[in-house]
Peer 1: 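Structure below; questions to follow.
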Amino acid sequence: MAAVSVFGYLCYLVLVGLIGISVKYLYSIRFAWRIPLAPSAKRYTAHTRYFFGQDTQRALHTMIRFCTTPLRIARLQIGPTPVILLLHPDVIQKVLSSNEMYSKPFIYDLMQIGRGLISERDGAYWKKTRKAVNPSFSPKILAGFVPRFDSRAQALVNRLRPVADGTTVINILDYAAQCTLEMVFSTTLGSKLEELPGEREYTEYLERIQNILGKRLLNYENFLDLIYKFTDAYRQEMSYRKIVNGFVDNIIEARRQKLRDSNNNNNNTDSEDDLDSCFTANIFLDEIFNIRFNGKPLDDKEVSDHMYTMIAAGNETSAQAFCYVCLMLAQNPDVQDKVVTELREVLPPRGEPLTPEDLKNLEYTERVIKETLRLFPVAPLVSRQTTSPIELDGFHIPPGQILAMNFYTLHRRPDVWGPDPERFDPDRFLVDAVRERHPYAYLPFSGGFRICIGHKYAMNALKAMLARVLTEFEVRTDIRQSDMKFRFELSMKLVGPHAVTLSRRSLL
């Protein structure tokens, strides 16, 4: 009887403790009940049921539905956890431009890409790292990458020529992804990708990892590591990561060894003759090697985290964006004609290399790219975690809360973009139109202090690819804009192939 009494007493204490914790938590989120619920909330479960068993297409569609509302701020309620949706440029600007809103929530840990610039949660650590890395994306260094971009873009044209017969339907993403991967490896790791074994396995398994992570990030049942580690998805992800990380780690070690050899020979820079060899100067990896925190360099894991993040982000986002531009030009032949006219007016004669000034002068082409990224932002969902109180539209948000932004729906708000936001119109980015619009209405690379460090890099890469491809080929497609459906796998991807046909242009 005594044992039963003790057991009952312990159960009573546990129950009281759980009730106390629950009451304390509910009290801490009492601020959220004043914020209006996002659309599609159910009477008793709010939005909870939408975050179980979703595939990557339905998950993205669900998030778009939640954020398609005239509200400026709304509450997404997942079980007991409120997520504050920032929907209007005013409230988004206040968060992204605040020097106290660098930090990111726990959901970025689920990506398991360590302390890279995209995934780093600790705002203070991110700020130090970003400051240290900024010099590697200076205008001078970016200008120095243009010959690399041009070389890879011309290689892309060479690979496309055999299928440019006007009838063969191709998935242009297959070609673009190889091109952008070559670009990012040559400028980030200093390697010419075509000389490295394991390229196909790397790209294949990177794609598989992103597919798995896309499902995990928007399915509540897989948030807990304790549960996720017993799933087939976890076992597959770990086996894929072993291959992907090993590929990058081998290149990092090769670069380390080359720098050691250079130092031993009292030669700390690559020669001009080395530009087209396996390594190149002024690369992102070297900048990472040079970072010092409290006098100490980054360890191998931290270096690998940064490189994995940069390669995955730089490669895929540029390839996807290039393909979206091609589809929009194919669907809008009048716009394609204007781009080609500009290319012929601005670019040097056939056979001469592109220069940074050439790319800068492609003003209409840049407007086309921007309008495409408005409609199809490659990274549509971002979030922050409050580390201090902030007032948003009269609502007091305490520390420790998740703030989420959906750039896909932001770029389609009728009160910002007019009554027909789905219409493709590059003139939305004429100087006067941009000046009259809210500065945080357009955020394809995020905004504020944590804006993507590579946004200028990406723009130069895209211009180089479009310049070479569109000068040589006319792009056509049977895909209509209204038919384009998307899925979420860390980035926004088209469901189905980027199907186009290419025809050789007459060269003037």
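Nothing here was measured: the structure is a model prediction, and the numbers come from that model.
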Peer 1: Roughly how far, to the nearest 0.5 Å, is OH of Tyr240 from CD of Glu204?
Peer 2: 8.0 Å

Peer 1: Verify side chain to side chain contact (heavy atoms under 4.5 Å, CB included) between Ile170 and Leu160, making sure each step is shown before the conclusion.
Peer 2: CA-CA 9 Å; Ile170 64 169; Leu160 289 171; 3.8 Å; yes

Peer 1: Quick one: list whatever passes side chain to side chain contact (heavy atoms under 4.5 Å, CB included) with Ala461, sequence neighbours left out.
Peer 2: Phe149, Met183

Peer 1: Backbone N or O of Gly123 within a donor-acceptor pair of the Ser103 side chain at under 3.5 Å?
Peer 2: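 Side chain of Ser103 to backbone of Gly123: a pair is present.
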
Peer 1: Is Ser318 reaching over with its side chain to a backbone N or O of Asn315, donor-acceptor style, under 3.5 angstrom?
Peer 2: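 Such a contact is absent between Ser318 side chain and Asn315 backbone.
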
Peer 1: Got a second to check how far Thr180's OG1 is from Gln320's CD, nearest 0.5 Å?
Peer 2: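 The CD atom of Gln320 is 9.0 Å from OG1 of Thr180, to the nearest 0.5 Å.
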
Peer 1: Determine whether a donor-acceptor pair (N or O, by modelled atom type, separation under 3.5 Å) exists between the side chain of Arg374 and the backbone of Pro444.
Peer 2: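 A pair under 3.5 Å: no.
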
Peer 1: Out of Ile92, Leu85, Ile84, Leu381, which residue meets the side chain to side chain contact (heavy atoms under 4.5 Å, CB included) rule with Met405?
Peer 2: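 Result: among Ile92, Leu85, Ile84, Leu381, Ile92 is the only option passing the side chain to side chain contact (heavy atoms under 4.5 Å, CB included) with Met405.
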
Peer 1: Leu60 and Leu218: which non-hydrogen atoms are nearest, and at how many Å?
Peer 2: N-CD1, 4.4 Å

Peer 1: So, Glu489 and Arg487, do they make that salt bridge, N to O below 4.0 Å?
Peer 2: yes

Peer 1: Is there side-chain contact between Pro89 and Leu410, with at least one heavy-atom pair below 4.5 Å?
Peer 2: yes

Peer 1: Return the minimal non-hydrogen interatomic distance between Met492 and Leu375, and the atom names on each side.
Peer 2: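 Smallest heavy-atom distance, with atoms named: CE-O, 4.5 Å.
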
Peer 1: Return yes if some donor-acceptor pair links the side-chain N/O of Thr386 with the main-chain N/O of Pro389 below 3.5 Å, else return no.
Peer 2: no

Peer 1: Flag yes if more than 12 heavy atoms outside Glu100 fall under 6.0 Å of its CD atom; otherwise flag no.
Peer 2: no

Peer 1: So Phe106 and Phe223, would you call those rings parallel, tilted or perpendicular, with 30° and 60° as cut-offs?
Peer 2: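 Perpendicular: the ring planes of Phe106 and Phe223 meet at over 60°.
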
Peer 1: Any chance NE2 of His61 has more than 12 other-residue heavy atoms, nucleotides or ligands included, within less than 6.0 Å?
Peer 2: no

Peer 1: Work out which heavy atom in Ala153 is nearest to a heavy atom in Ala464; give both atom names and the distance.
Peer 2: CB-O, 3.6 Å

Peer 1: Counting distance only, does the side-chain N/O of Thr48 pair as donor-acceptor with the main-chain N or O of Gly79 below 3.5 Å?
Peer 2: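 A pair under 3.5 Å: yes.
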
Peer 1: Taking Asn171 for the side chain and Pro497 for the main chain, is one N or O donor matched with an acceptor at less than 3.5 Å?
Peer 2: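 Not at all, since once roles are kept as given, no pair shorter than 3.5 Å links the two residues.
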
Peer 1: Of all heavy-atom pairs between Lys94 and Ser98, which one has the smallest distance, and what is that distance?
Peer 2: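 For Lys94 versus Ser98, the nearest heavy atoms are O-CB, 3.4 Å.
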
Peer 1: Would you mind reporting whether Val95 and Tyr440 have side-chain heavy atoms less than 4.5 Å apart?
Peer 2: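 No - every pair of side-chain heavy atoms lies 4.5 Å or more apart.
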
Peer 1: Please collect all ring-ring contact (aromatic ring centres under 6.0 Å, His included) contacts where either partner lies in residues 377-411, sequence neighbours excluded, each pair once.
Peer 2: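 Listed once each, the pairs are His411-Tyr442.
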
Peer 1: Restricting to side-chain hydrogen bond (donor to acceptor under 3.5 Å, both in side chains), what partner residues turn up for Asp122, sequence neighbours left out?
Peer 2: none

Peer 1: Give me the ring orientation class for Tyr202 and Phe185: parallel if the planes are under 30° apart, tilted from 30 to 60°, perpendicular past 60°.
Peer 2: perpendicular

Peer 1: Specify the closest pair of heavy atoms between Ser239 and Gln236, including all atoms of both residues, with the distance to one decimal.
Peer 2: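 Minimum heavy-atom contact is OG-O, 2.7 Å.
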
Peer 1: Please name all residues satisfying side-chain hydrogen bond (donor to acceptor under 3.5 Å, both in side chains) with Thr56, sequence neighbours left out, ordered by chain then number.
Peer 2: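 In terms of side-chain hydrogen bond (donor to acceptor under 3.5 Å, both in side chains), with neighbours along the sequence ignored, Thr56 is linked to no residue.
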
Peer 1: Is there a side chain to side chain contact (heavy atoms under 4.5 Å, CB included) between Leu403 and Gln385? Walk through the geometry before answering.
Peer 2: CA-CA 6 Å; Leu403 310 176; Gln385 180 168 306; over 6 Å; no

Peer 1: Of Arg450, Arg384, Met101, which is the lone residue that meets side chain to side chain contact (heavy atoms under 4.5 Å, CB included) with Leu96?
Peer 2: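 It is Arg384, the one option of Arg450, Arg384, Met101 that forms the side chain to side chain contact (heavy atoms under 4.5 Å, CB included) with Leu96.
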
Peer 1: Could you check whether any side-chain N or O of Gln331 sits under 3.5 Å from a backbone N or O of Ile479, counting only pairs where one atom can act as donor and the other as acceptor?
Peer 2: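 Side chain of Gln331 to backbone of Ile479: a pair is present.
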
Peer 1: Do Tyr50 and Phe66 pass the ring-ring contact (aromatic ring centres under 6.0 Å, His included) test, and can you show the C-alpha distance, the side-chain angles, and the key distance before you say yes or no?
Peer 2: CA-CA 10 Å; Tyr50 295 107; Phe66 292 156; 5.3 Å; yes

Peer 1: Please answer whether the main-chain N or O of Tyr228 pairs with a side-chain N or O of Thr231 as donor and acceptor at a distance below 3.5 Å.
Peer 2: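 Checked: pair present.
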
Peer 1: Can you run down the salt bridge (charged side-chain N to carboxylate O under 4.0 Å, His left out) pairs that involve residues 213-229, sequence neighbours left out, and say none if there aren't any?
Peer 2: Arg216-Asp225

Peer 1: Any side-chain heavy atom of Cys452 within less than 4.5 Å of one from Ser446?
Peer 2: no

Peer 1: The criterion is side-chain hydrogen bond (donor to acceptor under 3.5 Å, both in side chains); which residues satisfy it with Thr45, sequence neighbours excluded?
Peer 2: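 With neighbours one apart ignored, the set is empty.
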
Peer 1: Atom CD1 of Ile243 and atom CD1 of Ile209: how far apart are they, to the nearest 0.5 Å?
Peer 2: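 One gets 8.5 Å once the value is rounded to the nearest 0.5 Å.
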
Peer 1: Taking Arg121 for the side chain and Lys104 for the main chain, is one N or O donor matched with an acceptor at less than 3.5 Å?
Peer 2: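 At least one qualifying donor-acceptor pair exists.
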
Peer 1: Parallel under 30°, tilted from 30 to 60°, perpendicular over 60°: which one fits the rings of Phe445 and His455?
Peer 2: tilted

Peer 1: Report the distance from atom CD1 of Ile212 to atom CE of Met238, rounding to the nearest 0.5 Å.
Peer 2: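 Taking CD1 in Ile212 and CE in Met238, the distance rounds to 8.5 Å.
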
Peer 1: Run the side chain to side chain contact (heavy atoms under 4.5 Å, CB included) test against Gln77 and tell me which residues pass, sequence neighbours left out.
Peer 2: Trp33, Leu37, Ala46, His47, Arg75, Pro82

Peer 1: Counting C-beta onward and ignoring hydrogens, is there a side-chain heavy-atom pair between Phe486 and Phe376 closer than 4.5 Å?
Peer 2: yes

Peer 1: What pairs meet the salt bridge (charged side-chain N to carboxylate O under 4.0 Å, His left out) rule with one or both residues in residues 78-93, with sequence neighbours excluded?
Peer 2: Arg72-Asp90

Peer 1: Could I get the full list of salt bridge (Lys or Arg N to Asp or Glu O under 4.0 Å) partners for Lys242, not counting sequence neighbours?
Peer 2: none

Peer 1: Enumerate the residue pairs fulfilling salt bridge (charged side-chain N to carboxylate O under 4.0 Å, His left out) with a member in residues 40-60, sequence neighbours excluded, ordered by first and then second residue.
Peer 2: Asp55-Arg58

Peer 1: Measuring from Cys323:SG to Leu173:CG, what's the distance to the nearest 0.5 Å?
Peer 2: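 So the gap between those two atoms works out to 4.5 Å.
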
Peer 1: Side chains of Leu327 and Val500: does their closest heavy-atom pair fall under 4.5 Å?
Peer 2: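 Side chain of Leu327 against side chain of Val500, heavy atoms only: contact under 4.5 Å found.
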
Peer 1: Provide the full list of salt bridge (charged side-chain N to carboxylate O under 4.0 Å, His left out) pairs with a residue in residues 402-414, sequence neighbours left out, each pair given once.
Peer 2: Arg412-Glu422, Arg413-Asp415

Peer 1: To the nearest 0.5 angstrom, please state how far the OG atom of Ser186 sits from the CZ atom of Phe145.
Peer 2: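 Rounded to the nearest 0.5 Å, the OG-CZ separation comes out at 8.0 Å.
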
Peer 1: Between His498 and Tyr324, is the ring centroid distance below 6.0 Å?
Peer 2: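 For His498 and Tyr324, the ring centres are under 6.0 Å apart.
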
Peer 1: Answer yes when Lys493 and Glu316 have at least one side-chain N-carboxylate O distance shorter than 4.0 Å, and no when they do not.
Peer 2: yes

Peer 1: Any side-chain heavy-atom pair from Ile369 and Phe322 closer than 4.5 angstrom?
Peer 2: no

Peer 1: Who pairs with Gln57 by side-chain hydrogen bond (donor to acceptor under 3.5 Å, both in side chains), at least two apart in sequence or on another chain?
Peer 2: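 Per chain and number, Gln57 pairs via side-chain hydrogen bond (donor to acceptor under 3.5 Å, both in side chains) with no residue.
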
